[in-house]
Amino acid sequence: MFGLVNSDGSVRDRLPITVEDMRDLYADMVEARTYDEKSMAMQRQGRLATYAPFRGQEAAQIGAAAALHEDDWVVGTYRDAALNWRAGYPWRLLVLGRTGDERGGELPEGVNVLPPSITVGGHMIHAGGLAWAEKLQGSERIALTSFGDGATSEGDFHEAMNFAAVFATPTVFLCQNNGYAISYPTAEQTKSKTIAAKAEGYGMPGVRVDGNDVVGVLVAVREAADRARKGEGPSLIEAVTYRMGPHTTADDPTRYRDEAESRDWEDRDPLLRVRRLLEKAGGWTDEWQAELEKAASRVIEEAVEWAEDVPEPTFEQMMGRVFAERSRSPTQQPDGAADE
Amino acid sequence: MFGLVNSDGSVRDRLPITVEDMRDLYADMVEARTYDEKSMAMQRQGRLATYAPFRGQEAAQIGAAAALHEDDWVVGTYRDAALNWRAGYPWRLLVLGRTGDERGGELPEGVNVLPPSITVGGHMIHAGGLAWAEKLQGSERIALTSFGDGATSEGDFHEAMNFAAVFATPTVFLCQNNGYAISYPTAEQTKSKTIAAKAEGYGMPGVRVDGNDVVGVLVAVREAADRARKGEGPSLIEAVTYRMGPHTTADDPTRYRDEAESRDWEDRDPLLRVRRLLEKAGGWTDEWQAELEKAASRVIEEAVEWAEDVPEPTFEQMMGRVFAERSRSPTQQPDGAADE
Amino acid sequence: MNELNLAQALNGALDTALSSDDRVVLLGEDIGRTGGVFRITDGLADKYGTDRVFDTPVAESGIVGAAFGMAIAGMRPVAELQFMGFSYPAYDQVINHVARIRNRSNHRFTAPLVIRIPYGGGIGAAEHHSESTEAIYAHIPGVKVVVPSTPRDARGLLLAAIEDPDPVLFLEPIRLYRAIKEQIPEIYYRVDIGPVRVERQGVDVTLFGWGAMMKETRQAASALEEEDISVEVIDVRTLTPLDRDGIVASVEKTGRAVVVHEAPLTGGFGAEIAATIQEQCLYSLLAPVQRVTGWDTVFPLKRSEGHYLPSVDQIIAAARRTLEE
Amino acid sequence: MNELNLAQALNGALDTALSSDDRVVLLGEDIGRTGGVFRITDGLADKYGTDRVFDTPVAESGIVGAAFGMAIAGMRPVAELQFMGFSYPAYDQVINHVARIRNRSNHRFTAPLVIRIPYGGGIGAAEHHSESTEAIYAHIPGVKVVVPSTPRDARGLLLAAIEDPDPVLFLEPIRLYRAIKEQIPEIYYRVDIGPVRVERQGVDVTLFGWGAMMKETRQAASALEEEDISVEVIDVRTLTPLDRDGIVASVEKTGRAVVVHEAPLTGGFGAEIAATIQEQCLYSLLAPVQRVTGWDTVFPLKRSEGHYLPSVDQIIAAARRTLEE
Ligand SMILES: Cc1ncc(C[n+]2csc(CCOP(=O)(O)OP(=O)(O)O)c2C)c(N)n1
Ligand SMILES: Cc1ncc(C[n+]2csc(CCOP(=O)(O)OP(=O)(O)O)c2C)c(N)n1
Ligand SMILES: [Mg+2]
Ligand SMILES: [Mg+2]
C-alpha cells in the first residue's frame, strides 16, 4: 500500500511538499473536523436532517481535493463534505443543504462541484460524462468522483469505469474504502483482494493508498490527475481509511462492529498523524492548535448562522425549479390547493 | 489461451475424451448447424421472426453443454439455441419460440433451461440466484449462464459476478466472445486485455479458452463445474470465438466488418476442426457425414413441422399467463373488446 | 392477541413465515446484523441464522435478480430494497424478468417472490428517501402491488404475499411504521390480495386512499362526519390487481369520490381510479372525481415537506367541492 | 421541401442539429458504423466524424449517465436507447438524476439532453422490442415526454427537444418510421413542445392518440366520417407537460372522447387524460370517456400481436358507444 507518512508521524520517503503546505493541509483538516463535529451536534438538536459524518476520512478528502485544479469537476456523495468544501463548495451551502433545503445545492458560478449524490452508484458515471465533454471541448479540466466501498458493488460502478476507460476520459475514480457500507464490512462486499485490483478489468491503473495519510493521497491523486490531463485516461485510487463515527446520525454501529476495532483506528486518526509529523518538524504548537480551532469554529458558526437565517422556502420555490420555465401552473392540479 | 485441438485438427495435448465421444460431439454440432441453416432459410421465407444465428459458435455451445449434468440450470440468450438444445431444450420448442409464440418457452419438466433471455445482462444474475438456491437446498445442481462480449459492459454483469463470488454460489459464467456486439467490436467494448481478466476483480478464477475447440471448451467448463459442485464457488470462462453470420437476419455486417476477416475465420470453423481431427483418427468418412446431415435434416424438419402445426394462439391464452389465476377478466377493460 | 404497530406486525409476519416455511429466506442491504434501517427484520438473523437471512452487497438489481433466480428454483425469497428511491436500479429486473417469466415460459417457470419497499415521505429525510412511485409499478402486468395501512392488514397481506404464486411488490408506508398500534391475532392468517377494504361506511362521499395517506384520509373523514356528512372510507390496499368492482360499488352508492395519494398528480395511480369511476358509473356521479395528490415536482427536502404533502384540509376541501356541486 | 418519411425526417433533423450547433453530439449502441438498428443516424458518423457520433459499449445506464454529465458540462448530447424495452437499466439515471439536477441545484446545473427511444409494437419483433411504457416516464416530474406521429412533427419536435433547456425523452413510433411520407421544409424549424395538435376538426366526438396509434385513430376517424359523424382528431404529441387546456377545449365542444394507446390499460397514460377530462368538464360530458388500449398482459410475440394491439374497429366501436349514450 502506497503512503508517505506513518501513523506515528514518521516519514517513509522524502515528502514532496513543504512544511508550510503541510500546515495548510492540517488547518484544512481541522476546519473540516470542526464542521463535522458541529453538524453532529446540530443534528442532535434537531437543527439538521440526518447527517453522515466523515470523521476519520479527512485525509482522503482534503488530500484529494488539494490535488485538483480550482475548476476541475468533483462528483461526490453525502459523506464528502470535506472534499466538496476544499474544492470550493462553501460551508454555508453545505449546512443549508443539510437543514433540508434545495438551495444548498446552488453552487456559486465557477465552482464545479455537483451537489452531493445521495444514491450510491449513478454519480460515478456522471464524472465520466463531464470529463468526456471537457476533453471534447478541448479544455484542461478533469473530473474526480468519490464513492465508498459499498458503491463498488453497484452496476453503475462498472459502467462508469468501463465508459471512462473506453473513451479515455480524464476521470479520477476515488474510492474511500472506510471499511463499511452502513453495517456491511468491505470484506464481504467483494471477494476481490483489494478494490484497487478491480481497475485491471477495465485496463486502467489502480493504486491502493493509505487513506489516512494526507500526503500519500495528495500524491496519488495528483499523479492520476496528471495522467488524465495528459490524455492518458482514467485511474482508480483506493484510499484505505475508516469511518470513525456511525453511518449517519440514525445509525447505531454497536449493532455490527467491535468497540476494539474502532479504538484501534483512533491511533491512526489522520489529523493526529499530521500533527505528529509537524511536531517533529517543529511546525506545531498548542497555541497554533488553539488558534486553528478557534478560527474554524468562527467560520463554521458563521456558515450556520447564515444558513439558519435563510428564509423558509416557499411553495412557489418548490414548484419553480422543475423546469427552466414554470410550464405547469399549480392551478392545473385540480384539487384546488393552488389557492394555498 | 487454453485449448487442446488446433485449427488443422492436430492435438496440443492428450485428449481426455475418446474418439467415440468426439464423434458424438461432432454429430451434435452438425445437428446444431443444420438447425441454424434451416432457421436462416425459414426466416427469409417469412416463417420465423428475426433470427440470431450462432454459426461459428457451435463448439463453445455444444462443448459447454456437454460438460453439464442433465439437471443443471442453463441461462442463455437469443443466440444460444445449440447450448440450450444440448442441455435439453427440444428443437420443436426452439422453433416454436422463433415463430413468435410464447408456448415455445414451456420447457418439459426436468429440463432446467430457462427460455432464452432477449435482454443482455439481467439473466446472468438469475444464474447466481438459481445456483444459490440449489446450494441452500443442498442439491448438487449448478447453474451455467452464457452471454456475449457486449453483455460484459452491462452493470448486471458486474452485479452477477459479485453476488456469485460473495455467496460462493455454484455458478459458471460463460462468455462467448464472438468479436462483436452487433456492430461494435470487442476491442472497443472494453480496454481490459481479455474478458477472462475481469474475473480477478471478483476474486474468482478466469480462464480464456479457444472457443472454437469443442474439447477445450468441454474441459474448461467441466473444471469450472467441478469447482462449483465442490463448493469452491463461481468461475468465469471466456470462449474466444467468432460470429460467422450477421448479428440477426435484420443485420448487414458489411457495414462494419471486412470480408477478409470473416474469410479468415472460415478456416477456423469449429466443425471443420473436429472433422480434421477425426479424419486423422480414422473416425470420419464422406458417408458418415452424409448420414449425419440427413439425420439432422430429418430431425429439424420434424421439429419445424411440429411447430408449424401448433394451432394459432388464442386471445384467452395471451391473457391467461399473466398470473397463476386469471385475476383480471378482459371485461374489466372497458373498451368492450372483450367480446372479440 | 398482541398490541403491535405496523413495523412490529411486519417483523412478526416475517418471523411466522420463516418458522412455518423452510423455503422462505430474506435478503437485502443491512437486514441481518442491524435488522434493516427500519428494524423490520430485527432479530431474525439471530433467530434463523445467516443461512436464512442474508445481508447483501449494495446492488439492487443483484438483490432482485438473485431473489428471482431463487424463486424459480423453488424458494420463497423476500427481498428488501432499502428505500423506494433506491428501487430503480432493479426496475429492469422487475419489469423485464420478474413480471414475465410465467408469460415467457407459459406457466412452466414462476417467480413467487416478495419485494418489500419502504416508501413515502413525511419524515424529513434526504433526497430519494421519500418516494411514492407506486404508479410505475402498478402499470406492469405480471406483478401485484400491495400497500397496507394498518398493522392487522400488514401481517395478513405480507403472509398472503409470501404464499402468493406470483411476484408481489409490498410497499410499506414509512411514516406509519410506528404511528398506530392495533390488536393483532398471533395466529397465521391471510388478508386476501385484491379486495379493497371498506373502512368506514357512508352515503354522501367516498374517500379512496392507500398506505401512509390513509392517516390524513381518516382524519378528514372524522372531521367531515362532525359536520353530519356521511363519509365512506376505502383503503384500496391492492393497486394491482385493482378491485374495480369494489370501487364502483361504493361510488354508485355515494355518487361522489375523492382519491388521495402523495405521488405527483400527473400519471399517478389516482388517475386510474378516477378514469375507472367515470367509465363505469358516470351516470351515478354527482360531481367530478377529485384527486388530492402531491404536486408535479420532485419530492422536496425537509423544509418544504409541508408544501408538498397533501393535508387533511385539502382532503376536506376536495370532499366539500364534490358536495357543493 | 422534401418528401420524407418519419425515419428520414429524424435523420435530417439530427443532421441539421449537428451542423448548426457544435455542442450537439450523438451517442448510443451501434449508431455510428451501422447508423443504428433503425438507420436513424445513417451517414452521420461519416459526415461529422467519430468525435461527434459515438458508438458506445452495451450499457444503457452508462449511456444516459454519460450524456447527463456531458449536458451539465455544456454540451447537447442526443442519446439513443436501442428499444424502449432496453431503456429500463437507465431508469434510475432518468428519474434520480436527469430529471432532478435542476431541482437539486436550484437551477445552477441543468441537463439539456435528449434521449431518443424507439417504441411500440406491430413489427412482429422479439420480446422486449415492442414496449410502450410511456406512462412510467410521463409520471416523472422534470423530464418532458414527446411522441411525434408525422414526419413534419418529428423534425420540428426533435429540433425543439435538442434546443430545450431541459431533458426530453423523445419516443419514436417504430411502426411509423417508414409508413408515411410528407412534404417537409428543409429549413430549421421548431414545433413547440407542449401544445396538442388538432389534426382534424369535428363536433361529435374527439379521438385522442399519440405516436404509432395515430394511424389507426385516423383510419377510425375517416370511417366514422363516412357515416356522417363529425370527428375531431387530436394528436397529443407531448405527454408532459400535458396540454390540459387543449384537451378540455375539444371535449367541451364535442362532449365525447375516446383515448387510444397501445400500452396496457391499467395505469396507462390514457387514465390521466380521462381523469383530467372528467375533472374539468364533467358537465359537458355526454358519455363516459372511453379508453381503447392494449391489454393488461405482457406485449405478446408475433403470432399474438393481432390479439393485443388496439384495432381500427375497436376505436370505431368505442366512438359509437359514446354516441349511443
Ligand atoms: C442506489 C442506492 N442504494 C442504497 C442506498 C442506501 N445506502 C445509503 S449509504 C449506503 C452504504 C454505502 O456504503 P459506501 O459506498 O461504502 O459509502 P459510505 O457510506 O461508507 O461512505 C447505502 C446502502 C443508496 N444510497 N443508494
Ligand atoms: C439490455 C439490452 N440492451 C440492448 C440490447 C440490444 N442488443 C441486442 S443484442 C446486442 C449485442 C449483444 O452483444 P453480445 O453480448 O456480444 O452478444 P452477441 O449478440 O454477440 O451474441 C444488443 C446491444 C439488448 N438486447 N439488451
Ligand atoms: Mg464505506
Ligand atoms: Mg458478441
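Chain identifiers are assigned alphabetically (A, B, ...) following the order of the sequence lines, protein sequences preceding nucleic acid strands; residue numbering begins at 1 within each chain.
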Next on the checklist: Does A/Arg255 form a salt bridge (charged side-chain N to carboxylate O under 4.0 Å, His left out) with C/Asp42? I'd like the steps, not just the answer.
Outcome noted: CA-CA 11 Å; A/Arg255 294 176 82 103; C/Asp42 205 17; 2.5 Å; yes
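Checked against the 6.0 Å centroid threshold, C/Phe86 and C/His129 count as a close aromatic pair. In summary, the aromatic rings of A/Tyr256 and A/Tyr184 are positioned with their centroids too far apart to meet the 6.0 Å limit. Checked against the 6.0 Å centroid criterion, the rings of C/Phe83 and C/Phe38 qualify as a close aromatic pair.
In summary, A/Glu238 and A/Lys198 do not engage in a salt bridge, as defined by a charged side-chain N under 4.0 Å from a carboxylate O. Salt bridge C/Arg33/A/Glu188: present, at least one basic N to carboxylate O contact under 4.0 Å. With respect to the salt-bridge test (charged N to carboxylate O, under 4.0 angstrom), the residues A/Arg321 and A/Glu316 do not qualify.
With a 4.5 Å cut-off on non-hydrogen atoms, C/Glu60 touches chain A through its backbone and its side chain both. Only the backbone of C/Thr56 comes within contact range of chain A, with heavy atoms under 4.5 Å apart. Contacts of C/Ser61 with chain A are absent, with no heavy-atom separation under 4.5 Å from either backbone or side chain. Heavy atoms of C/Val258 lying under 4.5 Å from chain A are absent altogether. Looking at A/Arg103, only its side chain comes within 4.5 Å of chain C, counting heavy atoms on both sides. For C/Tyr308, the parts lying under 4.5 angstrom from a heavy atom of chain A are both the backbone and the side chain.
Taking the side chain as every heavy atom from C-beta outward, C/Thr206 and C/Arg256 never approach each other to under 4.5 Å.
For residues 40-53 of chain A, the interface with chain C (any heavy-atom pair closer than 4.5 Å) comprises A/Gly46, A/Leu48, A/Ala49, sorted by residue number.
Annotation: the span from A/Ile182 atom CD1 to C/Asp30 atom CG amounts to 4.0 Å, rounded to 0.5 Å. Separation of atoms CG (A/Leu94) and OG1 (A/Thr99) is listed at 11.5 Å; rounding is to 0.5 Å.
For the set A/Gln189, A/His247, A/Arg98, the count of heavy-atom pairs under 4.5 angstrom toward chain C peaks at A/Gln189. Contact count against chain C (heavy-atom pairs under 4.5 Å) is highest for A/Thr314 among A/Asp251, A/Thr314, A/Asp252.
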